[in-house]
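Atoms considered below: every heavy atom in the structure, side chains included; atoms not considered: hydrogens, waters and symmetry mates. Residue numbering restarts at 1 for every chain, and letters A, B, ... go by the order of the sequence lines. Being a predicted model, the structure only gives us computed values, none of them experimental.
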There are 2 protein chains.
Amino acid sequence: MSDVSRLAGVSKMTVSRVLADPELVSEATRTRVMKAIDQLGYVPDRIAGSLSSRRTNFVTAILPTLTNANFADTAQGLAGALRAADYQLLIGYTMYSLKEEELIVRAMLARRPDAIVIAGTVHTKAANEMLLRAGIPIVEIWDVPEHPIDHAVGFSNYEVGRLAARHLISLGHRRIAALGSRIDGDAMDLRGEARLQGFAAVLREAGIADDLVIREGSAPVSYDHGARTLATLLQRAPDVEAVFAVSDISAVGALMECHRRGIKVPEALSLIGFGDFDIARQCVPAISTIRVDAAMIGRKTGELLLSILERDNASAPITQSRIDIGFDLLIRETTAPREPG
Amino acid sequence: MSDVSRLAGVSKMTVSRVLADPELVSEATRTRVMKAIDQLGYVPDRIAGSLSSRRTNFVTAILPTLTNANFADTAQGLAGALRAADYQLLIGYTMYSLKEEELIVRAMLARRPDAIVIAGTVHTKAANEMLLRAGIPIVEIWDVPEHPIDHAVGFSNYEVGRLAARHLISLGHRRIAALGSRIDGDAMDLRGEARLQGFAAVLREAGIADDLVIREGSAPVSYDHGARTLATLLQRAPDVEAVFAVSDISAVGALMECHRRGIKVPEALSLIGFGDFDIARQCVPAISTIRVDAAMIGRKTGELLLSILERDNASAPITQSRIDIGFDLLIRETTAPREPG
DNA sequence: CTGAAAGCGCTTACAG
DNA sequence: CTGAAAGCGCTTACAG
């Protein structure tokens, strides 16, 4: 910047102004400075800028994994919404471990983000405290907790599970199963577990045993998980009529396993997933699922943050937001009424 | 930090040392400082640290998209390799647009990363110049250019295409097609195009017409792309015997379209994809593909960068690396010898 | 083993 | 419309 100011024959202050508020500088000076910038290939140092302005334009996003289409969509939606306002996403992934999440929160805080977006509503005590004390907007996403740390953008995973169960019951099925992952290890999918809980609750309310709610393997689930867990299920209950998989990924794996075993879907087995992954729609037969707009979670979160971070009137009250984007039941080809017999 | 030093009754210098080189501080002082840090919940400001040390511990990764399992694997592999050494990834996605890539390179440079990882070997002139002048290690990934800007970690997409063609020809097929995306728009998949080029070259070398190399839609490809493009292909050449899709994603879409139309794979049509996405293995029938270890590209890139950035002897010569991780042909169930008739 | 001084490259808050 | 001074919170490079 000194080089630029010297070449243009102005103060550093003026160079800074040309970059930040060009309209405050006379046109003659401005073009002179711009020319110098071009000539030197000067790229301003935002690290230095961040330090003096006390704003980094970093937003941290802490997600379970990058390799899940839903979270990738959320990250891309968030990054897209923030990019226009020149924010850079700092992505961390926890591998579904709360312990890892805590480490990431601490490491991220040292980068002084202007806001933190974090998947989930359950954190370690230390992570919770750090987030509370951070003094920046915090948005918990992918669920809608009763009492968020600060803001929340998501939907009720518990209600997703309930809806899945109601759908299968409404089709006349009585021997109903669910496929999820275990939550006794270091890596656990708490949102998947919430869906399982809601599912089991509706089963019990309908007087149906919830003994076929299977938790196998650790998060994240995979196509293999779906295939393997379906095999476990069939061994345990050959008479099973309908299955809910906590993720479309598992649902696809389960469907493929049915194909391999010659089990007709939906005639012999109804199957519903969650997430509306592209692949669920493409499968033959197309998989019924509960859709949640993952990219929209990212976009809404981004818009919420911009409205907080970029508001002109710094003294305007910030109302704590809790945005429920809801979900939709998509009945496709893998769920059908119980066939007598 | 001043607060900590005051509370511990030492200079800021000593606090800084406790954090950076604890062994240089006497145990008594160290524990006193640690206690003060804990008590105040002090998290050092790495922005300030970066400015004075001239190292940010940021590594920029510029990828086409976050929502592709292969690139997500690479990003995760890279982040994982760098995390141990306390580097934070700055991810940008170009949506397959070189113009967008240039904007991202410029924006990223302002964050003063210690290195830049960028997918692809073709960039705009301005982006190329900025990268060349950046004065930091640059790693081009997902291809192995003859003359990289600096380093490269990848494999030959052209050779992947050649291998796919050789495989289909070796099965006795003569009416052979390929499914890719167009490269005349703003968004273009140049690596997919390289695979197509290699594929077409082998076809011609074998005296086979390359008129069925179809480029439809713009990058990125999707399941839908595979389904739609297969439909186009069948209309154009109902007698087609074998198909190469530039991505497993397209291959899966094409396979599902075959299912819908009652076309038997591989009896009536052989199909091979690229990328070894999880879904390709799970499909029924399992899709033959050419495997590339996307996560390894990330890991190898991370290791390469660490060896450059963390080497003790700053004067040791850095030899320009060009790492070819290769690829494997995975013959599964969708490619079979031509059936007479 | 510990510390005082200088400085990293910007922006803030003035002043004129 | 432009600029001189101070300072953001650390680390570097000394010195003792």
A:Trp142 and side-chain hydrogen bond (donor to acceptor under 3.5 Å, both in side chains): which single residue from A:Thr74, A:Asn70, A:Thr301 fits? A:Thr74

Among C:dT11, D:dT2, D:dC10, the nucleotide that comes nearest once only the side chain of A:Thr14 is considered: D:dT2

In whole Å, what is the span from the CG atom of A:Leu109 to the P atom of D:dC10? 13 Å

Which of these nucleotides, D:dG3, C:dC10, C:dG3, is closest to any side-chain atom of A:Arg17? D:dG3

Whole angstrom is fine here: how far is it from CD in A:Glu27 over to P in D:dT2? 12 Å

Using both distances under 3.5 Å as the test, list the Watson-Crick or G-U wobble partner of C:dG3, or none. D:dC14

Considering every strand and a 4.0 Å limit on heavy-atom distances, what is the contact class for A:Arg46: base, sugar-phosphate, or nothing? nothing

Looking at D:dG9, does its base get a donor-acceptor pair with the side chain of A:Arg54 below 3.5 Å? no

B:Glu23 atom CD, over 12 foreign heavy atoms within 6.0 Å: yes

Nearest of C:dC8, C:dA4, D:dC8 to any side-chain atom of B:Leu51? C:dC8

Would you say C:dT11 has OP1 or OP2 under 4.0 Å from some side-chain N or O of A:Ser16? yes

To the nearest angstrom, how far is A:Asp45 atom CG from D:dC8 atom C1'? 13 Å

With nearest nucleotide decided by heavy atoms, which residue, B:Ser26 or A:Met13, maps closer to the 5′ end of DNA chain C? B:Ser26

What is the distance from CZ of A:Arg111 to P of D:dC10, rounded to the nearest Å? 14 Å

Is the NZ or CZ atom of B:Arg111 positioned over A:Phe58's six-membered ring, under 6.0 angstrom from the centre and within 45° of the axis? yes

From D:dT2, C:dG3, C:dC8, nucleotide with atom closest to B:Val10 side chain: C:dG3

Whole-Å gap separating C1' (D:dT11) and CG (B:Leu24): 14 Å

Quick check on C:dG9: is either OP1 or OP2 less than 4.0 Å from any side-chain nitrogen or oxygen of A:Tyr42? no

Please figure out whether B:Ser11 or A:Ala48 has its closest DNA chain C nucleotide nearer the 5' end. B:Ser11

Rounding to a whole Å, what distance do you find between A:Arg112:CZ and D:dG9:P? 9 Å

Hey, does B:Thr29 reach any base, or is it just sugar-phosphate, or nothing, if we go heavy atoms under 4.0 Å? sugar-phosphate

Among D:dT12, D:dC10, C:dT11, find the nucleotide with the atom closest to the side chain of A:Ser52. C:dT11

Between A:Ser11 and A:Thr14, do the side chains contain a donor N or O and an acceptor N or O under 3.5 Å apart? yes

I need the B:Met108 CE to A:Arg46 CZ distance, nearest 0.5 Å. 10.5 Å

Scan A:His123, A:His151, A:Arg322 and name whichever one has a side-chain hydrogen bond (donor to acceptor under 3.5 Å, both in side chains) with A:Glu140. A:His123

Euclidean distance, atom NZ of residue A:Lys12 to atom C1' of C:dT12 [Å, nearest integer]: 14 Å

Spacing between A:Ile47 atom CD1 and C:dT11 atom P, to the nearest angstrom: 13 Å

